[in-house]
Structure formats: C-alpha cells, structure tokens
J.: 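One structure, pasted below without further comment.
Below, chain A is the first sequence line, B the second, and so on; all start at residue 1. Note that this is a predicted model, so its numbers are computed, not measured.
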2 protein chains.
Amino acid sequence: MISRVLSAELSEHAGRRVTIAGWVHRRRHLKTVSFLVVRDRAGLAQVVAGETHDGAGGGLPGEESVVRVTGTVIRRPQAPGGVELAEPEIEVLAEPGTPPPFDLYRPVVTASLPTVLDHAPVALRHPRLRAALEISAASVAGFRAALDRLGFTEIHTPKIVASATESGANVFGIDYFGRPAYLAQSPQFYKQAMVGVFERVYEVGPVFRAEPHDTVRHLAQYTSLDAELGFVTDHRDVMAVLREAVAGMVESVRHRAAAAAGLLGVALPEVPAEIPAVHFTEAQRLTSSSEPDLAPAQERWLSEWALREHGSEFLFVTGYPMSKRPFYTHPDPARPGSSNGFDLLFRGLELVTGGQRLHRYEDYTSALAALGEPIGPYEGYLQAFRYGMPPHGGFALGLERWTARLTGAANIRETTAFPRDLHRLSP
Amino acid sequence: MISRVLSAELSEHAGRRVTIAGWVHRRRHLKTVSFLVVRDRAGLAQVVAGETHDGAGGGLPGEESVVRVTGTVIRRPQAPGGVELAEPEIEVLAEPGTPPPFDLYRPVVTASLPTVLDHAPVALRHPRLRAALEISAASVAGFRAALDRLGFTEIHTPKIVASATESGANVFGIDYFGRPAYLAQSPQFYKQAMVGVFERVYEVGPVFRAEPHDTVRHLAQYTSLDAELGFVTDHRDVMAVLREAVAGMVESVRHRAAAAAGLLGVALPEVPAEIPAVHFTEAQRLTSSSEPDLAPAQERWLSEWALREHGSEFLFVTGYPMSKRPFYTHPDPARPGSSNGFDLLFRGLELVTGGQRLHRYEDYTSALAALGEPIGPYEGYLQAFRYGMPPHGGFALGLERWTARLTGAANIRETTAFPRDLHRLSP
C-alpha cells in the first residue's frame, strides 16, 4: 500500500515529516507562496509550496492530479484541521487529461443537475455530492445493524421473474434465453416466502420500475430496504420493528457520517420511542377529505400537524382502505373496508409502505378471485401459503427517498451515484 | 408481537409455564403418549402431549401447521435442548393445505434437487437447506464488517447498462423504454469510478450472466461481493485486503452461524496471516503445463499442493498472462506478457478473481485500440480516468460459490434460495 497518513490524522503528526496522498482539490497562487489543497477520503489537507516551486507556482500540479506529497506537519490554525504540510516533495501519480466540468473546490456545486449527472464519475468527487452517498451508506449500515439485533436474517432474492404480477404495468421486459421475463419490482413475494424459513428477513437490493413519468421523485432503479417478519399480532408489530430500523439508520448517520451530515447541514430527526399514529379516517377528517387516498398536500399537512401536536417528524397513517392496497394486504378484522396497511410519513412525504399480509392460502385465492385475477401466475408465490404460514407483515423503504428527505435534496437523482430514469441510461 | 419464548431459550425457564410458537416439525404417536416437535427460527422444541389429547394423538396438528403452544418447561435430557413442554395448550394459527413434498423432519433431505428447487418456499424450511443460507448471510456480514474496518464505503450501482461492454456475450437484453439495454454482468466499471470518490468501495449485489451452459457451477443471477481500492502499490495490496475480507467472512460464520455450520459439518478454514502465492509460470511448472490458463484439474492439484506444502486451503496464483485477463488489467511492469492479475484458489476451485487495474486514460485507449475495440461504448467508463485516478485494484467473489465450497454442496443451486439458470425462472 502506498505508505501515507490520512488528512484527518495529520494533526497527530505535528513536527514530523509524513506522506499524504490524494487529489489536488485546489491549487492557489499568492504573490510569494502557493498552496495545494489535497483531498483524500478523510478530508482536506493544505500543502504550502513556498518557494521550492517557481514563485508563481507554475510547477504545481493542477486540480484533480493524483499526488503523493511528503512534507513537514506545521501547526497553522487557519488551515483545514489546524495543520499544513511545509517543505513539500510532490510526486504526481496521475495527471488528468481534462479539467473537471465545474470547479470541485467551490463550496457549492455550480453546475446544473444534468451536467453533474453526465459527469458523475468526476462530479461525485465534490464533497457535497459525495456527502449524500456517505449518508446513504451509513443509513443502510444502521438498517442492517438494527434488524440484526432483532434476529433478522439477510436474504438475496431473484431480480428476474417469470411474471409481471405485482402491479402489472411499469415492468421492464427481458429476453431470458429466448423466453419473456421481467425485472422484479420488489422482493415482496420472496421475502414473504422466506418468513416461512427464517421468520424474520431483510433484503437490501435493487428494484426496478419502468416509471414512464419524469419526476423529481422517481427512479427506474432504486435501492429498496425490505423487511418481513412472522408471528405478529397485527401491523402494529411491524410498525414497532420499523421504528427500530429507522432509529438505527439515524444513529448510524450520526456516528458514521457525522462530517457528511454536518457539511450538508442535515438536522437529524428524533425518532420517538413510539411514533405517533393516526387512522386513515382520522387523517381524512383532519384534512377535510373524503378521497380514498392521501394526496401529497395532505401528507405535507399531516406531517406538519404531527410535528405541531406530537413533536414528531414521523407519523404513521394506519388503516388505509383495502381498495387502495395490494391484494395481499390483511384486512382490519374490526373495520370492514379498512386494512392493516400503513404508511410512514417523514417530513411531508410517504417514506415507507407496510402492513400485515394475508397468511392463509384460501385468503389469497379469494382475494385474487375477487380481483378477477387467475391463480396461474401466482402459483410460485402461493406455494408458501399452502404449507402453513404464520401471521406476518413487513415494509419497504426507498433508500434514495430517505436520503433525499434527510439531506433536503430537491431531486432524488442527487442521492444515487448513477441514476436511471426515462431518459438516462448512462454513465 | 405474539408473546413467546424461542426454543433455544426454553432451558432458562425450567419449571415455568411459557408459550412458544413455530411450525410443527414432527408429530409422533407412541402407545400412551404423543410428541410434537416445534420448529422456530432458533431451533427445535419438544412438546409432550400426554393424554390431554386423545390417546392416539389424533387431535394433534400435522406437520407444518403453525402453532402456539403454552406448556410447562420440564427438564428431560433426551429432548432437544434438554427440556420439553408438558401439559400443553395448543393453538393452531394456520393449517397447511397440503403436506410438504418430502419430510422436513428427516435429518437428510430425501428429495431430488429439482423437487427441492420447485418447492423452494417449503423445502428451504428443512434445517439443512436453511443452514446453507444462514452461512451465506453470515459470510456477507463478515465481508462488510472487515471492509468497514478498513475504511471502505458501500455503494449501489446500476444493474441496467447501456452497452454490453465487459465481455460482449452472455448478457441479458432489456427493453428500456423502447431502447435496448442490458443487465450488468458486474459492477466493475462503476466500482472503479467510485475509487475516484471514496478511494475504497464495496458492493454486495446481484450480477447477471446469460450463461448458456447447464452446469453445477453457474447461475444466471448470483450475488457478487465486489471491492475496489485506490493508492495501491500493486496487486499485492489488493491481495492483502482480500485476505482480511475472507478472514472476516470465516470469523463471522464461526460466530453468527455456528449451529448451521455444525449441522452441515462445515470445517472452517484457517486463513493464514499471509496466504501463500505462486506466480503463474511457477504454477505451470508445478503442473507441467504450457497452457496460458489453468484447467480445473490444475487448480485442484495446486490447492492440494498448497495444503501439503504450506498448510493452507487458500492459494493465490499471480501473474496470469495479459492475454487471458480483461483489457483493464494492469501489466506487470517487470515481466512483459504477465499481468498484475491474480486468482484466489480455495479448496480446489477459483474463488476470487482480482488484480491491479490500469489507471491512466491513455493506457485504456491504447488497450482498447490493441483489441480493435471502439472507444464509444466505453465513454462513460473512461470518464473516471480522464480526471485523474490513482493506482488501484480490486476483486470479486461469488457468494454462492463461496458457500458451496464451505458447505461442500455438490451443486451451486443448493446455496441460493431461488436459483435462476438456463431452464429455471421460478419460483
């Protein structure tokens, strides 16, 4: 390994001669002195080139050059980290052929979103753009850690499926050895089947939606955080687990991505020990609506209400009408027409959909018959229920949507490295 | 949550009346007494039905019924866990409509592999089949933990790509909003680009190969454990990181999947502090071969040799000929024709492929020109190198292949829940 210390560790080496390595984040020429700011995975380090280079600094490598710099660590309060490297010997490991499409060293991103996305491999080096992905990675780690603690097992399920069952439309077709197949829109059926094996399972993986609309909220591929658990009494047990998962995500961002969260000014939410919940009919009453679903404006209003009334940035809406939930949703035995399905709203937007599922084979065949759907395409799915399944439920959380809510990103495309949408298939 | 104790915790409750829940793993009728063995996520628990049920035990629920059983915990050395539940009250939560296609309670799986795969949702409940997936989950957790400790960041990259670049053949085509697209065969280009952002990255995700051969070693979708890191001196730094990742996987199986490993009689390998390595030319000499690649029989021979000579079940083969490695492989500067690419053999089989990559833009354009390949389809990929990339390398490990080696599975289809292959697209 190229022997080096990281930028963030420099202050521990004051007075010593050390080597750092990274990218030239910025080259600055003053009258009698020149500076290099070197960026590595841990942050920034300032190198003062002094007069060892030719006065105007013309000999210093340009931005995005990959360098190894050996120098003496000097305390300098105004430098990043309170130290700088003096009397540098600079070795260029790789030279860029082209300057970046925008200045990576400016505190804000000056390029338009299409420019950023077209040049993702270099644009993501900008500390603010990178920060969103760090927060995303920390969130996933927290999700897994929370569920691991609760006895969940991680699974990996097929992304290529035989039938376009779950929502019919918006699936991508594949040529599968000459047969038609589809990209999975969710691991729903598989995670339910695996409750029969492990009782509690989760999967973090890509899901695919042939979303024909070009919006700031939709991607053709996103990362779904899915969980499913058996032996629940009803959907409230699922909500309790979801609360733990979200709390784990927040804690992980706090600990693993503190600098990134700080850079983006992320205000981490408090996750109440019990997240407040309103029944759908109450949500309708509060928003003076009689529609069978919540419009975005109502979700925003309810979020504000929850913050005002309960001091919570999270709000469960329970008891959605059966007519608006997928066929595998368990009805509320006490309220005809209502389901044991819920949404979790976070900062004005639906973040998670979940609920209790049907668990008896006959209930599935009845539900499909009521929809006029044939059993055939669901045979593989229904197998699990033929052989005895406990009451169970689960949820799915879109990672990019979570990161967008947390960072305040206006467009979900800012929260994933290489977005896919109606128009974008590269890089 | 249905209030219950897990089977594995029963012995802590001796003398008390407790509730368990799970599946009827086995129902046994003896002359004067009947037993239920209940299976939950933690193991098995024995329930003695005595004469509270009708003598012949006819009133007891059948195999795979989902039950909740309240009973008194009695010490009984010959029962699983040394305790059993007496004076049971049994509640059936769900009844199977069909008996399983084979007996799940027999110690070995009596069904053929096609029967197992056709009935995966119920077959995987068999403790031996489930065990392989537990080992797989524990391995992934260990991989992530090891790389997290080394400062790696987790990434999620596109599974839908614009061109079939990496190997040309064996890609699945997609209809992407009316345009042709392909399923990604690996995250290779994306993980390299992300070295420019995070220096050290990993991804655990599905990759897709339209493998037209029906073998015991190939799947159309498998889970790839990918890592890539910058600021390496050469491939040996990559090998050192891979050693840590594999050691983390072994340790995690030891701690998180001990029961599963025990059930399958898995002998966990020792991972030497430094895994022995032979150069390709030496491997040729040892196996008296002059072919430019290693045949399976040679890999087996070399593995046995490493065990004999070095006491290691792992062996690196380094310096593969450039002609046999992908175009992005870094040549060995000291040996014309040799690469800085390596394989890791484990128990007779190639488990990991990795190496140092090219990092200069001109080296990529030259390599593509030498192959007679146009630059066009690689434009997005090559972007990263235009803007300055450090010396870097990485590796990819197939999760199912690893689990198969560890468990001794004869067919890789036994190591994934719902395999996809030339003929199989469901369940």
J.: Checking heavy atoms, do the side chain of B:Ser65, its backbone, both or neither come under 4.5 Å from chain A?
T.: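 Interface part for B:Ser65: neither.
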J.: Do the side chain of A:Glu64 and the main chain of B:Arg386 share a donor and acceptor less than 3.5 angstrom apart?
T.: no
J.: Name the region of A:Val238, side chain, backbone, both or neither, that has any atom closer than 4.5 Å to a heavy atom of chain B.
T.: neither
J.: Heavy-atom pairs under 4.5 Å with chain B are the metric here; pick the option from A:Asp40, A:Leu422, A:Ile174 that has the most.
T.: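 Between A:Asp40, A:Leu422, A:Ile174, the count favours A:Leu422.
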J.: Go through the atoms of A:Tyr361 and report whether side chain, backbone, both or neither lie under 4.5 Å from a heavy atom of chain B.
T.: neither
J.: Is A:Arg68 in contact with chain B via its backbone, its side chain, both, or neither, using a 4.5 Å heavy-atom distance?
T.: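 No part of it gets close to chain B.
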J.: Measure A:Ala42 against the heavy atoms of chain B and call it side chain, backbone, both or neither at under 4.5 Å.
T.: neither
J.: Give a yes or no on whether B:Arg4 atom CZ has more than 12 heavy-atom contacts from other residues, nucleotides or ligands under 6.0 Å away.
T.: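 Result for CZ/B:Arg4: enclosed.
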J.: After noting the C-alpha distance and the side-chain angles of A:Gln383 and B:Asp118, does the key distance pass the side-chain contact (heavy atoms from CB on, under 4.5 Å) rule?
T.: CA-CA 10 Å; A:Gln383 255 197 52; B:Asp118 286 344; 5.6 Å; no
J.: Atom CZ of B:Phe418 and atom CE of A:Met194: how far apart are they, to the nearest 0.5 Å?
T.: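 CE of A:Met194 is found 5.5 Å from CZ of B:Phe418.
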J.: If you count heavy-atom pairs under 4.5 Å between each of B:Val67, B:Asp421, B:Thr153 and chain A, which one has the most?
T.: B:Asp421
J.: Which bit of A:Pro419 comes within less than 4.5 Å of chain B, counting heavy atoms only: side chain, backbone, both or neither?
T.: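 Looking at A:Pro419, nothing touches chain B.
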J.: Is the shortest side-chain heavy-atom distance between A:Glu199 and B:Trp23 below 4.5 Å?
T.: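 In short, these two side chains touch, coming nearer than 4.5 Å.
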J.: Got a donor-acceptor contact below 3.5 angstrom from the A:Arg420 side chain to the B:Ile160 backbone?
T.: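 Yes, the answer is positive, given that a donor and an acceptor are paired below the 3.5 Å cut-off.
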J.: For the residue pair A:Phe172 and B:Tyr176, categorise the inter-ring angle as parallel (less than 30°), tilted (30 to 60°) or perpendicular (more than 60°).
T.: parallel
J.: Within the supplied structure, the quantity of interest is the number of heavy atoms (other residues, nucleotides, ligands) at a distance under 6.0 Å from B:Arg424 CZ; does it exceed 12?
T.: yes
J.: What part of A:Asp148 lies closer than 4.5 angstrom to a heavy atom of chain B: side chain, backbone, both or neither?
T.: side chain
J.: Flag the pair B:Arg144 and A:Glu154 as a salt bridge only when some basic side-chain nitrogen lies within less than 4.0 angstrom of an acidic carboxylate oxygen.
T.: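 A salt bridge is present here (some side-chain N lies under 4.0 Å from a carboxylate O).
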J.: Apply side-chain contact (heavy atoms from CB on, under 4.5 Å) to the pair B:Met1 and A:Leu229, showing each step before the final yes or no.
T.: CA-CA 10 Å; B:Met1 201 66 67; A:Leu229 62 148; 3.5 Å; yes
J.: Of the backbone (N, CA, C, O) and the side chain (C-beta and beyond), which part of A:Val241 lies under 4.5 Å from a heavy atom of chain B, both, or neither?
T.: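 Side chain of A:Val241 only, per the 4.5 Å heavy-atom cut-off to chain B.
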J.: Sort B:Glu211 into side chain, backbone, both or neither according to what part of it lies under 4.5 angstrom from a heavy atom of chain A.
T.: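 B:Glu211 touches chain A through backbone heavy atoms alone.
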J.: B:Tyr381 versus chain A, heavy atoms under 4.5 Å apart: side chain, backbone, both or neither?
T.: neither
J.: Give the minimum heavy-atom separation between A:Pro427 and B:Gly380, together with the two atoms involved.
T.: CB-CA, 4.1 Å
J.: Contact part of B:Val140 toward chain A, heavy-atom cut-off under 4.5 Å: side chain, backbone, both or neither?
T.: side chain
J.: To the closest 0.5 Å, what do you measure between NZ (A:Lys159) and NZ (B:Lys159)?
T.: 11.0 Å
J.: Side chain, backbone, both or neither: which part of A:Ile155 has a non-hydrogen atom closer than 4.5 Å to chain B?
T.: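 Neither; nothing under 4.5 Å.
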J.: Out of A:Ala94, A:Ala137, A:Ala141, A:Gly173, which one racks up the most heavy-atom pairs below 4.5 Å with chain B?
T.: A:Gly173
J.: Contact part of B:Asp363 toward chain A, heavy-atom cut-off under 4.5 Å: side chain, backbone, both or neither?
T.: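 Neither part.
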J.: Looking only at non-hydrogen atoms, find the nearest pair between A:Leu425 and B:Ala181 and report the distance.
T.: CD2-CB, 3.8 Å
J.: What distance do A:Leu183 atom CG and B:Phe208 atom CZ have between them, rounded to the nearest 0.5 Å?
T.: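 It is 7.0 Å, given to the nearest 0.5 Å.
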J.: With a 4.5 angstrom heavy-atom cut-off, could you sort out which part of B:Val197 is near chain A: side chain, backbone, both or neither?
T.: both
J.: Where does B:His119 contact chain A at under 4.5 Å (heavy atoms): side chain, backbone, both or neither?
T.: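 Interface part for B:His119: both.
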J.: Is it the side chain or the backbone of B:Val24 that comes within 4.5 Å of chain A heavy atoms, both, or neither?
T.: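 B:Val24 has no heavy atom closer than 4.5 Å to chain A.
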J.: Looking only at heavy atoms and a cut-off of under 4.5 Å, which of A:Val232, A:Leu6, A:Val66, A:Thr223 has the most pairs with chain B?
T.: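 That would be A:Val66.
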J.: What residue in A:Thr157, A:Val122, A:Val161 has the most heavy-atom pairs under 4.5 Å with chain B?
T.: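 It is A:Val122.
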J.: With only heavy atoms counted, which part of B:Val195 is less than 4.5 Å from chain A, the side chain, the backbone, both or neither?
T.: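 Only the backbone of B:Val195 comes within 4.5 Å of chain A.
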J.: Rounded to the nearest 0.5 Å, what's the gap from CZ on A:Phe198 to CD on B:Glu134? Could you check?
T.: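 Going from CZ on A:Phe198 over to CD on B:Glu134, the span is 5.0 Å.
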J.: Below 4.5 Å, heavy-atom pairs only: which of B:Gly205, B:Ala240, B:Ala384 has the largest tally toward chain A?
T.: B:Ala384
J.: Heavy-atom distances under 4.5 Å only: say whether B:Ala120 touches chain A with side chain, backbone, both or neither.
T.: backbone
J.: Would you find a donor on one side and an acceptor on the other, under 3.5 Å apart, between the side chain of B:Arg179 and the backbone of A:His423?
T.: yes
J.: Side chain from CB out, backbone as N, CA, C, O: work out which of these in B:Arg256 comes under 4.5 Å of a heavy atom of chain A, or both, or neither.
T.: side chain
J.: Given a strict heavy-atom distance threshold of 4.5 Å, which part of B:Arg360 is in contact with chain A: side chain, backbone, both, or neither?
T.: side chain
J.: Can you tell me which of B:Gly97, B:Ala417, B:Pro390 forms the most heavy-atom pairs within a distance under 4.5 Å of chain A?
T.: B:Pro390
J.: Let me confirm one number: the OG-CD distance from B:Ser426 to A:Glu379, rounded to the nearest 0.5 Å.
T.: 10.0 Å
J.: Using heavy-atom distances under 4.5 Å, tell me whether B:Pro158 contacts chain A through its side chain, its backbone, both, or neither.
T.: both
J.: Under 3.5 Å, side chain of A:Arg125 to main-chain N/O of B:Tyr387, donor-acceptor pair present?
T.: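 The answer is yes, because a donor-acceptor pair under 3.5 Å joins these two groups.
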J.: Measuring from atom CE of B:Met389 to atom CG of A:Leu93, what distance do you get when rounded to the nearest 0.5 angstrom?
T.: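 It comes to 12.5 Å.
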J.: So for B:Asp234, is it side chain, backbone, both, or neither that comes closer than 4.5 Å to the heavy atoms of chain A?
T.: neither
J.: If every non-hydrogen atom of B:Arg39 is compared with every non-hydrogen atom of A:Gly196, which pair is closest and at what distance?
T.: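 Closest pair (atom of B:Arg39, atom of A:Gly196, distance): NH2-O, 4.4 Å.
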J.: Less than 4.5 Å to any heavy atom of chain B: does that hold for the side chain of A:Leu129, its backbone, both, or neither?
T.: neither
